[in-house]
Amino acid sequence: MENYNHRQIEDNWKEKWFSDNLYEAVDFSEKPKKYILAELPYPSGKFLHVGHMMRYTVPEIYSRFLRMRGYNVLFPMGWDCFGLPAETFAQKEGITPQEAISKATKDYKDAMMSMGYAIDWNREINTSEPAYYKWTQKMFLVLWKRGLAKQQEMPVWWCEELGVLADEEVLPSKDGKGKISERGGYPVKRKMYRQWVLDIPAYADRLIDDLGKVDYEESVKIAQKNWIGKKDGALVTFNVEGESVEVFTTRPDTLFGVTFLAISPQHPVIEKLKEKISNINDVSEYIEKSKNLTDLEKQTKIKTGVQLIGVYARHPLNSQMTKIPVLVADYILTDYGTGAIMGVPAHDERDYEFAVKYNLEVKKVIEFPQDKNDTPYFTGEGVVINSEEYSGQNSQVCRQDIVKKIESLGLGKGATTYKLRPQIFSRQRYWGEPIPLIYKHDGNIEAVTEENLPVELPVMKDFLVGKDGKSPLEKNMEWNTTIDSEGNPAKRETDTMPTWAGSNWYYMRYIDPHNTVTPADVAKLKYWLPVDLYFGDAGHTTAHLLYSRFWFKVLYDEGIVPIDEPYMYRMSGGMLLGEDGGKMSKSRGNVVNPKDELEKHGADALRTYLAFIGPYEDTYPWNPKGLHACAKLVRTIYNLKTLVSEKADESAETTRILNKTIKNMTEMMDNLKMNTAVSEIMIFTNHIKNLAGIKKETWETFLVLIAPFMPFTAEELWQESNNYSKWQKTNSIHLQMWPKYNEELVIEKITELPVQINGKLRSEVTISDKDNEDTLKQKLLQDERVIKHLGGKEIKKIIYVKDKIVNLIA
RNA sequence: GGGCGAGUGGCGGAAUUGGCAUACGCGUAUGGCUUAGAACCAUAUGCCGCAAGGCUUGGAGGUUCGAGUCCUCUCUCGCCCACCA
């Protein structure tokens with residue numbers, strides 16, 4: 001037996017494949033195209049994580065499979081470089097982010113090459129290179145010119161160390177009492193801050209409607225819709241001492257049940273009416289206190305509020321002109337709806353809870369159903385009562401009538417609201433794309449002209465945020481001082497973009513990575529887009545997927561891209577846990593170092609294991625024994641070559657199993673079930689390893705089948721079997737066609753028919769082609785076990801499913 | 001609280017349209033090879049039972065000749081969102 005030396009084999013073929021760009025994706029090829037995309041990693045200075053490998057291996061195997069099935073496959077890779085991970089790493093190492101990134105991307109690329117990933121490296125991209133972010137900046141200007149990027153005072157998560165953070169970057173602290181940053185674990189609190197935001201809600205309806213054009217998993221579509229959170233209702237204006245307070249409600253039919261108004265602590269009407277509020281000191285104190293509460297504290301605490309003494313709201317329709325108390329309450333969110341609600345305690349759980357606490361009236365305006373008579377509030381539909389001329393109507397009809405009425409009075413209108421908020425787009429940090437805007441001396445804002453793009457990020461040794469939380473670029477006067485289009489002194493915007501700016505459109509750049517005139521040539525985009533299958537993190541199915549769809553639609557409206565949906569199908573991957581079943585982390589000591597595993601067992605074993613471990617979408621623990629078994633499989637296959645001989649006599653059984661293996665693997669891989677495809681490889685291996693000899697033809701077919709999983713070993717054995725003495729790209733196994741199978745040869749003639757009696761498996765009888773139902777019945781009646789289990793009873797009915805099963809009903 | 005998903009051996013997991021549940025791998029046991037172990041090879045392995053036989057896909061019902069798969073109820077776990085008016 002020859003010793004299997006994975007290091008030697010891998011180094012040899014790796015060098016040949018990548019120097020010849022074996023996995024080239026060809027623009028405008030005659031072959032049908034497939035664009036298989038896996039979310040790009042953000043290199044953070046360490047070796048590629050084993051979790052990354054799990055995320056990429058199945059998509060990569062799939063891309064190889066498609067290539068062998070005759071597709072022109074684009075399976076690209078790049079680096080999402082901007083953002084905190086690189087900055088934190090650079091700080092720790094005492095180097096610049098630029099230096100950190102250049103080392104990390106090299107390490108990551110090496111790791112991917114070591115894994116044999118079939119990537120067209122001519123299309124590699126890096127979001128932090130000026131040639132790339134020139135286009136990110138250009139796209140931002142498109143958004144800005146269309147009024148979709150604007151400045152707003154926003155309540156933001158504020159971190160002394162990191163500046164402003166997005167919701168997604170903030171986590172509850174370990175003790176549950178506060179908030180910390182996702183990276184670094186620094187304390188975080190709320191603060192108002194002027195920010196650039198993207199008006200994603202402007203596209204909300206299209207983002208919902210166009211889900212009809214794509215083929216995502218229904219659960220992904222639902223998640224997106226929930227995230228957008230579209231709700232129909234009405235805006236109703238209440239007069240509060242001469243000031244208008246607008247509320248949003250989904251239940252205008254309960255308008256006559258309003259017994260109080262509740263407004264958020266940030267509501268502007270408080271400031272306007274402060275002269276009239278007799279307890280203004282108490283109110284201010286409450287507002288001040290609520291500012292420092294974390295969400296969790298607000299949640300566990302009973303709802304609180306303070307009534308604005310001395311001011312009342314007037315009901316817009318009620319003829320009695322009842323005075324309605326107004327309260328400030330921190331359960332009212334500033335940035336949802338209008339920041340004010342009409343309190344209807346009889347028909348809303350939260351309003352009820354609040355009303356009880358503050359002794360507010362509870363007025364029923366919809367009849368409670370019989371079985372709900374004991375409950376204090378009822379949120380369903382029903383007959384409207386106590387509502388003047390609307391009484392007696394069904395609540396759903398009443399809803400429309402009331403909206404019509406307030407519309408005619410100019411006191412409101414039907415309206416739609418979304419949970420989706422404008423997304424904060426600026427960061428007060430160094431390591432990001434500079435926002436390409438200039439503040440003129442008169443305060444107006446002007447875009448940097450296209451010939452002056454990219455606005456390059458200056459290299460700065462001191463790139464950390466100061467204690468004031470302002471962008472480090474603020475300190476760099478040389479950089480941020482400029483002149484405007486009229487030649488007057490001006491100042492650059494010093495905020496930078498968030499990480500997701502570059503990763504919003506990266507998949508477009510793979511299509512035309514070296515273009516200097518446009519982000520990507522429209523004809524090429526037309527050829528490659530949409531992405532056929534997008535693999536990524538389950539946590540990105542809402543935010544990332546939604547924001548990048550938004551970005552793409554804006555580009556479509558601008559005529560930069562030819563279609564309006566970027567991804568046809570989305571597949572989300574599970575997680576790889578540590579051996580102990582917990583999340584891999586340094587503190588648990590269960591982190592797997594892929595470099596060690598690669599050294600020990602080789603890439604083919606690691607790839608096969610990552611495919612075999614389970615379905616792509618699930619989460620499971622790392623099991624070193626499983627990897628070991630796959631390493632054994634690779635070795636066993638390698639040594640099978642000694643069985644190959646021209647005159648090996650193969651049985652019909654071997655032909656059948658080979659055909660069945662091809663059929664099963666083809667179907668499984670089509671459905672991305674790589675784990676069971678590996679089982680098929682094992683089954684076939686177990687069969688042939690006990691044969692006296694294998695025909696060359698069978699052997700080579702088998703090698704093609706294993707090639708997507710074990711590309712190195714397959715190539716080595718293929719070249720050897722074909723006696724190719726010199727490397728030639730076209731002779732690579734990876735450019736061969738996937739084998740076809742003969743359906744007839746797959747069919748296994750069953751000779752033992754399972755026999756059920758009254759639905760329970762009792763026996764088996766031997767059958768042949770000649771048997772029909774009558775001869776079968778004869779056989780059954782002679783079978784000892786059948787006789788025994790019938791116990792002398794008469795057979796009432798025979799259900800015979802040919803070649804499957806027979807069931808006797810006694 | 002809301003949404004989504006999942007419950008199958010000791011473990012990871014297989015099971016076209018309902019048709020032999022537990023493929024494949026791990027683990028375990030026994031044997032071989034070894035001074036011994038590791039590694040490797042062979043065989044066995046859902047559970048109870050000496051056996052005949054019985055039981056088994058979270059639980060309870062139902063449809064069906066036949067249910068892991070379809071229907072109703074219920075329990076448990078995971079993920080995401082969460083005072084969203």
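In what follows, chains are A, B, ... by sequence order, proteins preceding strands, each numbered from 1. In this text, all values refer to a predicted model and were calculated from it rather than measured experimentally.
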Check: Is there a salt bridge (Lys or Arg N to Asp or Glu O under 4.0 Å) between A/Glu39 and A/Arg570 once you walk through the steps?
Finding: CA-CA 11 Å; A/Glu39 284 176 2; A/Arg570 167 76 184 190; 2.9 Å; yes
Note to self: Please name the nucleotide paired to B/G18 by Watson-Crick or G-U wobble geometry with both distances under 3.5 Å, or report none.
What the structure shows: none
Checklist line | Salt-bridge contact A/Glu381-A/Arg399 (side-chain N to carboxylate O under 4.0 Å) | finding: yes
Item checked: Rounded distance (Å) that lies between atom C1' of B/U8 and atom CG of A/Asp618 -> 14 Å
Checklist line | Mate of B/U8 where both pairing distances stay under 3.5 Å, Watson-Crick or G-U | finding: none
Note to self: From CG of A/Leu753 over to C1' of B/C20, roughly how many Å is that when rounded to an integer?
What the structure shows: 10 Å
Next item on the list: Pick base, sugar-phosphate or nothing for A/Phe248, based on heavy-atom distances below 4.0 Å to the nucleic acid.
Entry: base
Item checked: Pairing nucleotide - B/G68, Watson-Crick or G-U, each distance under 3.5 Å -> none
Next item on the list: Assign A/Asn807 to base, sugar-phosphate, or nothing according to its heavy-atom contacts below 4.0 angstrom with the strands shown.
Entry: base
Checklist line | Nearest-angstrom distance, P atom, B/U57 to B/U22 | finding: 14 Å
Checklist line | Pairwise 5' ranking along RNA chain B for A/Thr417 and A/Thr542, keeping only the more 5' one | finding: A/Thr542
Next item on the list: Could you check whether A/Ile613 gets within reach of a base, just the sugar-phosphate, or nothing at all, counting any heavy atom under 4.0 Å?
Entry: sugar-phosphate
Item checked: Rounded distance (Å) that lies between atom C1' of B/A67 and atom CG of A/Leu761 -> 15 Å
Next item on the list: Could you measure between the two C1' atoms, the one in B/G13 and the one in B/G25, and give it in whole Å?
Entry: 9 Å
Notebook entry, point to check: What is the distance, rounded to the nearest whole Å, between atom CG of A/Asp351 and atom C1' of B/C83?
Noted result: 10 Å
Item checked: B/G59 and B/G7, which share atom name P, separated by this distance in whole Å -> 13 Å
Pairs under 3.5 Å (N/O, protein and nucleotides 23-30 of chain B):
from: B/G25; atom 1: OP1; to: A/Asn686; atom 2: ND2; distance (Å): 3.1

Notebook entry, point to check: In whole Å, what is the span from the CG atom of A/Asn690 to the C1' atom of B/A42?
Noted result: 10 Å
Note to self: Using Watson-Crick or G-U wobble geometry with both distances under 3.5 Å, which nucleotide pairs with B/A52?
What the structure shows: none
Margin query: What's the closest nucleotide to the side chain of A/Ile809 if the choices are B/C65, B/G3, B/G53?
Written below: B/C65
Checklist line | Pairing partner of B/A44 (Watson-Crick or G-U wobble, both distances under 3.5 Å) | finding: B/U28
Item checked: Pair A/Asp330 + A/Lys289: basic N to acidic O under 4.0 Å -> no
Check: Can you tell which of B/C81, B/G53, B/G19 lies closest to the side chain of A/His789?
Finding: B/G53
Check: At under 4.0 Å between heavy atoms, what does A/Ile332 touch on the DNA or RNA strands: base, sugar-phosphate, or nothing?
Finding: base
Check: Does A/Lys797 get its side chain close enough to the base of B/C65, under 3.5 Å, for a donor-acceptor pair?
Finding: no
Item checked: Heavy-atom closest pair, residues A/Asn742 and A/Asn659 -> N-OD1, 2.8 Å
Check: Is the ring centre of A/Phe354 less than 6.0 Å from the ring centre of A/Phe260?
Finding: yes
Checklist line | Integer-rounded Å distance: B/C20 C1' and A/Arg785 CZ | finding: 13 Å
Notebook entry, point to check: Between B/C81, B/C65, B/G13, which nucleotide has the shortest distance from any of its atoms to the side chain of A/Pro615?
Noted result: B/G13
Next item on the list: Look at the side chain of A/Lys760 and decide which nucleotide, out of B/G19, B/C40, B/C55, has an atom nearest to it.
Entry: B/C55
Margin query: If the glycosidic angle sits within 90 degrees of zero it is syn, else anti. Tell me which applies to B/G9.
Written below: syn
Next item on the list: Using atom OH of A/Tyr331 as one end and atom C1' of B/A82 as the other, report the distance to the nearest whole Å.
Entry: 16 Å
Item checked: Nearest listed nucleotide, side chain of A/Lys788, among B/A52, B/A39, B/C4 -> B/A52
Note to self: Is A/Arg421 close enough to B/C81 that one of its side-chain N or O atoms is under 4.0 Å from OP1 or OP2 there?
What the structure shows: no
Notebook entry, point to check: Of the nucleotides B/C4, B/C20, B/C83, which one has an atom closest to the side chain of A/Pro754?
Noted result: B/C20
Next item on the list: Just name whichever nucleotide pairs with B/G1, Watson-Crick or G-U, keeping both distances under 3.5 Å, else none.
Entry: B/C81
Next item on the list: For B/A23 versus B/G9, give the span between their C1' atoms, rounded off to a whole number of Å.
Entry: 13 Å
Note to self: Please report the distance separating the C1' of B/G1 from the corresponding atom of B/U16, rounded so that it comes out in whole Å.
What the structure shows: 40 Å
Note to self: Do the side chains of A/Glu353 and A/Lys357 get close enough for a salt bridge, i.e. N-O under 4.0 angstrom?
What the structure shows: no
Next item on the list: For B/G66 versus B/C80, give the span between their P atoms, rounded off to a whole number of Å.
Entry: 43 Å
Checklist line | Closest non-hydrogen atom pair between A/Thr636 and A/Lys689, with its separation | finding: CG2-CD, 4.2 Å
Next item on the list: Nearest-nucleotide wise, let me know which of A/Val806 and A/Gly337 is further upstream toward the 5' end of RNA chain B.
Entry: A/Val806
Item checked: Listed nucleotide nearest any side-chain atom of A/Arg762, set B/G54, B/G3, B/C20 -> B/G54
Next item on the list: Provide the distance between the two C1' atoms, one in B/U74 and one in B/C83, to the nearest whole Å.
Entry: 30 Å
Margin query: Rounded to whole Å, please give me the gap between CG in A/Asn639 and P in B/C41.
Written below: 11 Å
Checklist line | Ion pair check, A/Asp253 and A/Arg251, cut-off under 4.0 Å | finding: yes
Next item on the list: Taking the side chain as every heavy atom from C-beta outward, state whether A/His601 and A/Leu627 have any atom pair closer than 4.5 Å.
Entry: yes
Next item on the list: Scan A/Lys673 against the nucleic acid and name what it touches under 4.0 Å (heavy atoms): base, sugar-phosphate only, or nothing.
Entry: sugar-phosphate
Notebook entry, point to check: Is there a salt bridge (Lys or Arg N to Asp or Glu O under 4.0 Å) between A/Lys663 and A/Glu667 once you walk through the steps?
Noted result: CA-CA 6 Å; A/Lys663 179 182 153 91; A/Glu667 288 170 2; 3.5 Å; yes
Note to self: I'd like the P distance from B/A14 over to B/C24, given in whole Å.
What the structure shows: 14 Å
Checklist line | Distance flag, aromatic centroids of A/Phe709 and A/Phe612, threshold under 6.0 Å | finding: no
